[in-house]
Enquirer: 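Pasting a structure below so you can have a look.
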2 protein chains.
Amino acid sequence: MTAEPSWDFYRSFLTVLRHGSLSAAARELGLTQPTIGRHIDALEEAVGAELFIRSSNGLLPTDMALDLRPYAETLATTAAALLRTASSQRGKVEGTVRISASEVIGIEVLPPIIADLQEAYPGLQVELSASDALEDLMNREADIAVRMAEPRQDALLVRRVGDIPLGFHAHRRYLERHGTPQTMAELAGHRLIGFDRQTAYIRMMLKLYPVAEQLAYAFRTSSHLAHYTAIRAGIGIGVCQTGLARPNPDLVHILADEFEIPLGTWVVMHESLKTSPRCRVAFDALVNGLLNYIRSCRETRV
Amino acid sequence: MTAEPSWDFYRSFLTVLRHGSLSAAARELGLTQPTIGRHIDALEEAVGAELFIRSSNGLLPTDMALDLRPYAETLATTAAALLRTASSQRGKVEGTVRISASEVIGIEVLPPIIADLQEAYPGLQVELSASDALEDLMNREADIAVRMAEPRQDALLVRRVGDIPLGFHAHRRYLERHGTPQTMAELAGHRLIGFDRQTAYIRMMLKLYPVAEQLAYAFRTSSHLAHYTAIRAGIGIGVCQTGLARPNPDLVHILADEFEIPLGTWVVMHESLKTSPRCRVAFDALVNGLLNYIRSCRETRV
DNA sequence: CGGCGGTCATGTATTTATGTATAGCGGCGG
DNA sequence: CCGCCGCTATACATAAATACATGACCGCCG
């Protein structure tokens, strides 16, 4: 290791990892294939190890390359965060804001809210990371996050928007065939949709309704989104946000009076971003949009 | 933001922040002051804001620059961590590699090669399966195999190392008693060592030298290893690898000019293992070791 | 089996970035 | 006040990185 390698090599390295070939990486970065190839050569020289096995249909990363990948990813997210920070301070509401939310929220709830936001501010770019793996606000992997648990960090600007109510739902078709349970006890005879693993709200459900533990589940999935899809497909009775089911005339809320889980919801932003117009605007839009959404959950169906 | 700025600009930026002047940063990075100045210019252009107030005795960071500093620090520590990880991983070849070879190769040829390999990589465990029943690489009964026939499987990484020459040999003691045959025809009167069953190289021998079929064999065994041992014991004249006999002063190569069978040799590894350092290292060692071995077969005896 | 689309490797020309040399500015101390 | 030493900015020559063009290889498909 004579001199530190150019940091650009790390970018090329990561892009090759992501795309699997020098050519694809070159297209991504607006460079050419020989250039990327030389970057990889130089980096291999610098670290003194082989990073890729070259073949005629792409590059295969070595174990070493896979070990280094997380660092390269961190470099990329940090560089992106730096740029976002820089551009966020320019008074106007434009540029990119990165929002992190759970899968269900990100896919089913946020899109209309974001649509309104972008209607109001056409120059605003939104990046939505819909994943149940939560991103780190402190390192600015995201600018704003919608969280289902109360954040404990101090340097965060936190706004609680209320409780999203969860309830048992099933497709009308399923109920026509199997009947509609009128009491919790009657659930026992039904095809139930359950979860693969314990998440926070599962634990809350078991605490509130210990009986759930003894139920037999006909279908299990680890994805909340797949769970919701299973309900819509008529597989059986499952738990989902009442606000999601309400607009869909085929979905029926079951045991509404006997069973409800409140899902506490927070919108969170890094303290230092509150002076950034674009982040403030997005933060406010998320808060108001989620407040409306929660309100709609409570309304009786039209 | 037209194109993403070079990540090297971040490094220059951070170094200027740390040292307070372009010149000092240039010294630190092994660059020159105009270069660092251009990097800062370019970065300011890219983020669209002034990062430093230039004065004749140094650069004064703006608030923006101070806001960006934490990200730049993260970049630096991450880049350093990446390099450290790389250097700590380098040369970390350890674990077990399972090698499959024929009995003769496994017992007579490979041990010195494996000894060198383990000398170079003390953490490497080698399992040697020396058997003429060939193990299935596809099912990973072995990681690497030395084969005497060209493999046809697709997902294998194959390297042909050349032909191992076979020839007639006998112990000096035997020849002193029975004389040394000078022509193929003279073999007829000798005690010959033969094989119990037809193997691939027997068929090749019969094809190249049909006369062998009519010879009378005084001793037969189904094991190539026992065959070789029989030669060394002075039972008679048999076929073995010239490279095995050469270092042994008691063994004499007979009819060297009239008779030779080339035994094609391949080193084979499952495709998916080529990114594993220990398998790569072992593979390369086998290839080189066998190339040397084959070269030694051709040399005239000292 | 031959064309096609994809890949990587290599050699050459050109653009780009860098180094060198120099000029100008400001502070500091004799 | 002047000389010295640090800094930045600029102009020009040089070195380095890049793009371009080409060739070879592999898998795919009609």
Side-chain angles (χ1 to χ4, degrees), chain A residues 2-46 49-62 65, chain B residues 2-46 49-62 65 138 150-160 268-272 274-275 280:
Chain A
T2 58
E4 196 190 346
S6 164
W7 286 8
D8 284 338
F9 294 169
Y10 300 139
R11 173 165 54 183
S12 299
F13 166 67
L14 177 61
T15 312
V16 171
L17 271 177
R18 285 177 172 165
H19 290 80
S21 85
L22 298 180
S23 310
R27 284 191 294 273
E28 171 78 20
L29 292 176
L31 298 171
T32 59
Q33 166 258 321
T35 296
I36 304 294
R38 282 184 284 254
H39 285 185
I40 300 300
D41 288 343
L43 191 56
E44 287 180 332
E45 177 73 20
E50 210 174 16
L51 294 174
F52 296 93
I53 311 284
R54 268 92 158 160
S55 83
S56 56
N57 58 344
L59 275 73
L60 195 64
T62 63
Chain B
T2 59
E4 197 190 344
S6 164
W7 286 8
D8 284 338
F9 295 169
Y10 301 139
R11 173 165 53 184
S12 299
F13 166 69
L14 176 62
T15 312
V16 172
L17 272 175
R18 284 176 172 168
H19 291 81
S21 84
L22 298 182
S23 307
R27 284 191 293 273
E28 171 77 19
L29 292 176
L31 298 172
T32 58
Q33 166 259 322
T35 296
I36 305 295
R38 283 185 284 252
H39 285 183
I40 300 301
D41 289 343
L43 191 56
E44 287 180 331
E45 176 72 19
E50 205 175 24
L51 294 174
F52 296 95
I53 301 176
R54 268 90 157 165
S55 81
S56 56
N57 59 345
L59 275 73
L60 193 65
T62 63
M138 296 308 290
E150 183 167 9
R152 308 210 170 276
Q153 296 277 15
D154 276 346
L156 298 178
L157 186 65
V158 176
R159 179 81 154 81
R160 189 177 203 282
V268 193
M269 177 168 70
H270 195 275
E271 185 98 25
S272 66
K274 66 184 174 187
T275 61
R280 264 200 89 77

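Note that the structure is predicted; figures quoted are calculated from it, not measured. The basis for the numbers below is simple: all heavy atoms, side chains too, and nothing from hydrogens, waters or symmetry mates. Letters A, B, ... mirror the listed sequences (proteins, then strands); counts begin at 1.
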Enquirer: Are A:L60 and A:S55 packed together at the side-chain level, in the sense that at least one heavy-atom pair is separated by less than 4.5 angstrom?
Expert: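 No. Closest side-chain heavy atoms not under 4.5 Å.
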Enquirer: Check the distance between C:dC8's C1' and A:F52's CZ and give it to me in whole angstrom.
Expert: 14 Å
Enquirer: Taking side chain to side chain contact (heavy atoms under 4.5 Å, CB included) as the criterion, tell me which of B:V16, B:T15, B:L17 meets it with B:F13.
Expert: B:L17
Enquirer: Rounded to the nearest Å, what distance is computed from the CD1 atom of residue B:I53 to the P atom of nucleotide D:dA9?
Expert: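 Distance, rounded to whole Å: 13 Å.
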Enquirer: May I have the distance from B:I36 (atom CD1) to D:dA9 (atom C1'), rounded to whole angstrom?
Expert: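 Value for this atom pair: 15 Å.
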Enquirer: Find the distance between CD1 (B:I40) and CG (B:L59) and round it off to the nearest 0.5 Å.
Expert: 7.5 Å
Enquirer: Can you check the A:N57 CG to C:dC8 C1' distance for me, whole Å?
Expert: 10 Å
Enquirer: In residues 21-29 of chain A, what residues come within less than 4.0 Å of DNA chain C, judged by heavy atoms?
Expert: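 When residues 21-29 of chain A is checked for heavy atoms under 4.0 Å from DNA chain C, the hits, listed by number, are A:S21, A:L22, A:S23, A:R27.
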Enquirer: Can any side-chain N or O of B:Q33 pair as donor or acceptor with the backbone N or O of B:L22 at less than 3.5 Å?
Expert: no
Enquirer: So, for B:H19 and B:A24, which heavy atoms are closest and what is the spacing to 0.1 Å?
Expert: CB-CB, 3.7 Å
Enquirer: Could you walk me through whether A:E50 and B:R280 pass the side-chain contact (heavy atoms from CB on, under 4.5 Å) test, one step at a time?
Expert: CA-CA 11 Å; A:E50 210 174 16; B:R280 264 200 89 77; 3.4 Å; yes
Enquirer: Please state how far atom CD1 in B:I40 lies from atom C1' in C:dA17, giving the value in whole angstrom units.
Expert: 16 Å
Enquirer: Check whether any side-chain N or O of A:R54 sits under 4.0 Å from OP1 or OP2 of C:dA9, and answer yes or no.
Expert: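 Answer yes for this pair, as a side-chain N or O of A:R54 is under 4.0 Å from OP1 or OP2.
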Enquirer: Can you check the A:H19 NE2 to C:dG6 P distance for me, whole Å?
Expert: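 My rounded result for the distance is 15 Å.
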Enquirer: Summarise protein proximity over nucleotides 14-24 of chain D in one line of letters, 5' to 3': B for base, S for sugar-phosphate only, - for none, counting protein heavy atoms closer than 4.0 Å.
Expert: ----BBBB---
Enquirer: Let's go through A:H39 and A:T35 carefully: what are the C-alpha distance in whole Å and the side-chain angles of both, what is the deciding distance for side-chain contact (heavy atoms from CB on, under 4.5 Å) to 0.1 Å, and is it a yes or a no?
Expert: CA-CA 6 Å; A:H39 285 185; A:T35 296; 3.8 Å; yes
Enquirer: Check side chain to side chain donor-acceptor pair (under 3.5 Å) between A:T62 and all other residues, then give those that pass, not counting sequence neighbours.
Expert: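 Once residues adjacent in sequence are excluded, A:T62 has no partner under the side chain to side chain donor-acceptor pair (under 3.5 Å) criterion.
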Enquirer: Could you tell me whether B:E4 and A:R11 make a salt bridge, using a distance below 4.0 angstrom between a side-chain N and a carboxylate O?
Expert: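 Yes.
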Enquirer: So A:G37, base contact, sugar-phosphate only, or nothing? Heavy-atom distance under 4.0 Å.
Expert: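 Since no nucleic acid heavy atom lies under 4.0 Å of A:G37, the category is nothing.
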